Amino acid sequence: MTRHYNFCAGPAALPTAVLERARDELLDYHGRGLSVMEMSHRGEDFVAIADQAEADLRELLAIPDNYRVLFTQGGASLQFAALPYNLLGAGGRANFLHTGIWGKKAISEARHLFGDVHVAASSEENGHSAVPRQEDILLSDDAAYLHYTANETIGGLAFDYIPEARRPDRSEVPLVCDMSSSILSGPLDVSRFGVIYAGAQKNIGPAGLVVVIVRDDLLDQARGDMPTLFGYRALSEAGSMVNTPATYSWYLAGLVFDWLKGDIGGLAAMDAINRRKAARLYAAIDGSGLYANPITLRNRSRMNVPFVLADPRLDRLFLEEAEAAGLLNLKGHRSVGGMRASLYNAVPEAAVEALIDFMADFENRRG
């Protein structure tokens with residue numbers, strides 16, 4: 001069996017050690033005579049798996065006691081609807097920072113469901129090459145919360161700061177963040193946020209699962225017409241088991257958390273690795289005559305590195321030769337084109353070095 005280097009933006013690479021452990025436990029989990037995916041979600045074996053996964057995530061992110069952790073379904077896209085349902089019950093408008101395609105999708109869903117929303121700042125004018133600065137953010141007087149996307153997976157645009165969420169009268173509102181492609185890439189001060197949510201298929205585990213971290217005081221802000229399965233209060237009280245959860249994805253997420261704690265040594269160590277990976281790849285791009293990255297230096301994503309070739313006629317050849325060299329899923333998103341290398345936690349430093357070597361060789365031969 002040969003495993004290549006996978007730079008997919010999602011579903012993304014999983015740690016080899018996690019896949020090997022899942023393989024070894026697939027048919028018979030700890031001598032129980034069945035697979036995790038065959039277990040009752042309410043049985044003591046799976047409840048122990050779920051409890052350990054939450055405990056490990058809480059430890060990794062130092063999540064305060066006044067926050068609930070939910071393991072639910074539908075990915076981040078379902079949260080585009082669940083969030084306004086959960087947070088607009090007390091009135092007010094959803095406020096947003098628009099910095100790319102995923103932020104736009106969150107805005108569109110809230111507008112579709114509830115009509116009027118407020119865009120507090122946008123990076124559209126600069127082509128989403130730099131995020132708005134704090135002084136450019138203007139919330140509405142009736143803001144119920146401020147939503148932003150920490151890292152735009154498609155555009156490779158990342159916030160270099162945590163925004164302050166205050167109305168013009170300086171009163172504070174909850175800060176809500178989509179961290180699908182940046183969570184667990186380094187330490188995080190969870191207490192700065194009202195809600196954090198993240199689709200699993202980048203740094204957490206397989207697709208289909210979403211983790212929501214919500215502050216206790218926001219559990220009772222929901223609209224009365226909210227679908228039951230959207231409700232943060234109901235999910236919290238049921239241990240994320242209002243219905244049958246994505247049990248195997250939850251189990252694999254727990255293995256990833258254990259890998260981050262044990263094999264990596266925590267999020268500070270993971271942060272150092274991710275900084276090295278991104279710095280090496282950006283240096284190769286910037287030092288090249290063939291490749292270019294369009295993002296302002298301070299807002300370059302460590303997780304998703306888009307780049308274009310000076311001659312787009314070489315794109316197809318680049319991708320074909322990269323795949324032949326065992327470098328997979330480098331094609332940019334269909335909406336923007338070019339190339340994109342996603343450097344999530346499970347992508348090893350050796351993969352980045354192999355990509356850099358290939359890019360240099362391709363430029364020498366084709367540039």
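Small disclaimer: the values here were computed from a predicted structure and weren't measured. For the single chain, residues carry numbers from 1 onward in sequence order.
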Are [X] and [Y] packed together at the side-chain level, in the sense that at least one heavy-atom pair is separated by less than 4.5 angstrom?
{"X": "Arg21", "Y": "Asp258", "value": "yes"}
{"X": "Pro227", "Y": "Leu229", "value": "no"}
{"X": "Glu323", "Y": "Leu328", "value": "yes"}
{"X": "Leu218", "Y": "Tyr145", "value": "no"}
{"X": "Pro187", "Y": "Asp271", "value": "yes"}
{"X": "Phe230", "Y": "Leu83", "value": "no"}
{"X": "Arg302", "Y": "Arg275", "value": "yes"}
{"X": "Asn203", "Y": "Ser185", "value": "yes"}

Could you tell me whether Phe318 and Phe358 have their ring centroids closer than 6.0 angstrom? yes
Strictly under 6.0 Å, is that where the ring centroids of Tyr251 and Phe46 end up? no
Could you measure the distance from the [atom1] atom of [X] to the [atom2] atom of [Y]? Nearest 0.5 Å is fine.
{"X": "Arg233", "Y": "Asn86", "atom1": "CZ", "atom2": "CG", "result": "11.0 Å"}
{"X": "Thr99", "Y": "Tyr148", "atom1": "OG1", "atom2": "OH", "result": "10.0 Å"}
{"X": "Tyr232", "Y": "Leu87", "atom1": "OH", "atom2": "CG", "result": "6.5 Å"}
{"X": "Arg42", "Y": "Met241", "atom1": "CZ", "atom2": "CE", "result": "7.0 Å"}
{"X": "His128", "Y": "Ser122", "atom1": "NE2", "atom2": "OG", "result": "5.5 Å"}

So, Asp216 versus Asn66: side-chain donor-acceptor pair below 3.5 Å or not? no
May I ask you to check whether Asn345 and Asn274 show a side-chain donor-acceptor distance below 3.5 Å? yes
For the pair Trp102 and Asn151, evaluate side-chain contact (heavy atoms from CB on, under 4.5 Å) and give the outcome as yes or no after the intermediate values. CA-CA 9 Å; Trp102 290 110; Asn151 181 88; over 6 Å; no
Where the side chain of [X] meets the backbone of [Y], is there a donor-acceptor pair that is under 3.5 Å apart?
{"X": "Asn299", "Y": "Phe159", "result": "no"}
{"X": "Arg68", "Y": "Asp65", "result": "yes"}
{"X": "Lys261", "Y": "Glu59", "result": "no"}
{"X": "Glu363", "Y": "Gly289", "result": "yes"}
{"X": "Asn329", "Y": "Asn6", "result": "no"}
{"X": "Asp28", "Y": "Gly33", "result": "yes"}
{"X": "Asn293", "Y": "Pro306", "result": "yes"}
{"X": "Lys104", "Y": "His98", "result": "no"}

What's the shortest heavy-atom distance between [X] and [Y], and which atoms?
{"X": "Leu139", "Y": "Asn95", "answer": "CA-OD1, 3.3 Å"}
{"X": "Leu281", "Y": "Ala341", "answer": "CD2-CB, 3.9 Å"}
{"X": "Ser240", "Y": "Phe71", "answer": "OG-N, 2.9 Å"}
{"X": "Pro294", "Y": "Ser129", "answer": "O-CB, 3.6 Å"}
{"X": "Arg167", "Y": "Asp141", "answer": "CD-O, 3.0 Å"}
{"X": "Ala9", "Y": "Ser342", "answer": "CA-OG, 3.3 Å"}

Considering residues, nucleotides and ligands other than [X], do more than 12 of their heavy atoms fall under 6.0 Å from its [atom1]?
{"X": "Arg316", "atom1": "CZ", "result": "no"}
{"X": "Glu44", "atom1": "CD", "result": "no"}
{"X": "Arg298", "atom1": "CZ", "result": "yes"}
{"X": "Glu125", "atom1": "CD", "result": "no"}
{"X": "Arg334", "atom1": "CZ", "result": "no"}
{"X": "Glu349", "atom1": "CD", "result": "yes"}

Would a hydrophobic clustering, with Ile, Leu, Val, Met, Phe, Trp and Tyr connected at side-chain separations under 4.5 Å, put [X] with [Y]?
{"X": "Ile295", "Y": "Val305", "result": "no"}
{"X": "Val173", "Y": "Leu88", "result": "no"}
{"X": "Ile183", "Y": "Leu78", "result": "no"}
{"X": "Tyr29", "Y": "Trp250", "result": "yes"}
{"X": "Leu209", "Y": "Val214", "result": "no"}

Qualifying residues under salt bridge (charged side-chain N to carboxylate O under 4.0 Å, His left out), relative to Asp357, sequence neighbours excluded: none
All pairs passing ring-ring contact (aromatic ring centres under 6.0 Å, His included) where residues 177-205 contributes a residue, at least two apart: His147-Tyr197
Could you pull out all residues at least two apart from Phe7 that satisfy ring-ring contact (aromatic ring centres under 6.0 Å, His included)? none
Audit row: Glu25, Val36, side-chain contact (heavy atoms from CB on, under 4.5 Å) steps and yes/no: CA-CA 8 Å; Glu25 297 177 347; Val36 171; 5.6 Å; no
Is any NZ, NE, NH1 or NH2 atom of the basic residue among [X] and [Y] found under 4.0 Å from an Asp or Glu carboxylate oxygen of the other?
{"X": "Arg366", "Y": "Asp311", "value": "no"}
{"X": "Arg300", "Y": "Asp286", "value": "yes"}
{"X": "Glu109", "Y": "Lys105", "value": "no"}
{"X": "Arg133", "Y": "Asp160", "value": "yes"}

Report, one line per pair, each donor and acceptor closer than 3.5 Å where one atom sits in a side chain of residues 12-20; sequence neighbours left out.
none

I need the single residue from Ile196, Ile63, Leu61 that forms a side-chain contact (heavy atoms from CB on, under 4.5 Å) with Val69. Which is it? Ile63
Linking Ile, Leu, Val, Met, Phe, Trp and Tyr through side-chain heavy atoms less than 4.5 Å apart, which residues share a cluster with Tyr344? Met303
Going by the rule side chain to side chain contact (heavy atoms under 4.5 Å, CB included), which residues pair with Gln134 if we only count those two or more places apart in sequence or in a different chain? Ile137, Tyr161, Pro163, Glu164
Go through the steps for Ile49 and Met39 under the test side-chain contact (heavy atoms from CB on, under 4.5 Å), then give the verdict. CA-CA 11 Å; Ile49 290 170; Met39 289 178 178; 4.3 Å; yes
After noting the C-alpha distance and the side-chain angles of Met270 and Leu260, does the key distance pass the side-chain contact (heavy atoms from CB on, under 4.5 Å) rule? CA-CA 8 Å; Met270 192 74 255; Leu260 280 167; 3.6 Å; yes
